[in-house]
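One structure is given below, encoded as structure tokens.
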Number of protein chains: 2
Amino acid sequence: MTAYEHLLKYDIKPSSQRIVIMDYLLNNRTHPTSNEIYNALKDDNPTLSKTTVYNTLKLFEEKGAVLNLSIDEKNAHFDGDTSDHAHLICTQCGKIVDMEITMAPKVCNDMGCEIHQTHIYMKGICGECKKVN
Amino acid sequence: MTAYEHLLKYDIKPSSQRIVIMDYLLNNRTHPTSNEIYNALKDDNPTLSKTTVYNTLKLFEEKGAVLNLSIDEKNAHFDGDTSDHAHLICTQCGKIVDMEITMAPKVCNDMGCEIHQTHIYMKGICGECKKVN
DNA sequence: TTTTAATTTGTAATCGTTACAAATTTATAA
DNA sequence: TTATAAATTTGTAACGATTACAAATTAAAA
């Protein structure tokens, strides 16, 4: 699916900035921060503003088009893949990698809560860092 | 278990500040922020410094004596209960409530990752807010 | 004691994020 | 098309949680 189609699917008017940002998220599975997205895009989009990247990601999140991973205390990381999967943040290199969930966790819900989103994340050492050491 | 014993268990030298902070965490299951802890304690502990609360919580986290919940993008919340359980943050009132996990999630690990901590958190509406509306 | 190490404290700095208002672009109406 | 309104983008300034740092205090060791 193109970024353009993805935006329409989530009821977001596809401006050129929004397309470029969504396109980056869909094609870079690195769970980037706002700043990383801005730095990656600014050369090809010289008029792009950092504020626009922040605003746009907030809009995407509100519309459900991206996930805001609060896995890292320092920065918000974003994921264009909104399907069910878990994340591991490597405490050595800081990379965030996707992990497949093979069994959904059952959570006791007798308090009458209404669950909208479930996040699973892990802290540990990623495969690459393990190989090196 | 007293705060004092809890500290010893995690190999933390029990200074008076550390005891007071750990005691608050063990007896208040509200998942407070650093600031909330500081504000709750400062009247009875007039010389307590905000920096000490931050430093102490970081130490607790490193020693594994508390969990740092990065469930909320704005502030770090701390949990003195390090046993396996999930959290729900209410998108209406902001409260964080404990939830019991009845089935542990199985996460695909064929990349050779080493998992140290697993966090599960949900976003939604808590029971109290549901009752009101 | 005296000396050293550990802990605590207050202030200042850092930095990710947001508020705000102006500028620009896009949509709508005449 | 042109005029007007609405939406979006932009840059700057402010905010606020957290941390760096060095001095002050406390605890431990000699």
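Computation of the quantities below employed the complete heavy-atom set of this structure, encompassing side-chain atoms and omitting hydrogens, waters and symmetry-equivalent molecules. Quick caveat, the model's predicted, so the values are computed rather than measured.
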Check: Would a 4.5 Å heavy-atom cut-off, applied to side chains only, mark C113(A) and I125(B) as touching?
Finding: no
[N] OP1/OP2 closer than 4.0 Å to side-chain N/O of [X]:
| X | N | value |
| --- | --- | --- |
| S15(A) | dT25(C) | no |
| Q17(A) | dT10(D) | yes |
| K74(A) | dG16(C) | no |

Checklist line | Separation of atom CD in E73(B) from atom C1' in dC15(D), rounded to whole Å | finding: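 Going from E73(B) (CD) to dC15(D) (C1'), I get 17 Å.
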Notebook entry, point to check: Rounded to the Å, how far apart are L59(A) CG and dT18(C) C1'?
Noted result: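 To the nearest whole Å, that distance equals 15 Å.
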Notebook entry, point to check: Which residue, T56(B), N28(B), L57(B), forms the side chain to side chain contact (heavy atoms under 4.5 Å, CB included) with I37(B)?
Noted result: L57(B)
Check: If you find the nucleotide of DNA chain D closest to K13(B) and the one closest to N55(B), which residue's nucleotide is nearer the 5' end?
Finding: N55(B)
Next item on the list: Using a strict 4.0 Å threshold on nitrogen-to-oxygen distance, state whether K131(A) and E114(B) make a salt bridge.
Entry: no
Notebook entry, point to check: Can we say K123(B) and E73(B) salt-bridge, meaning some charged N sits less than 4.0 Å from an Asp/Glu carboxylate O?
Noted result: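 Result for this pair is yes, salt bridge flagged.
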Note to self: So if I take residues 23-54 of chain B and measure heavy-atom distances to DNA chain C, which residues fall below 4.0 Å?
What the structure shows: T47(B), L48(B), S49(B), T51(B), T52(B)
Next item on the list: Specify whether H6(A) and Y10(A) have parallel, tilted or perpendicular ring planes, treating 30° as the upper limit for parallel and 60° as the lower limit for perpendicular.
Entry: tilted
Margin query: Using 30° and 60° as the class boundaries, would you call the ring planes of H85(A) and H31(A) parallel, tilted or perpendicular?
Written below: tilted
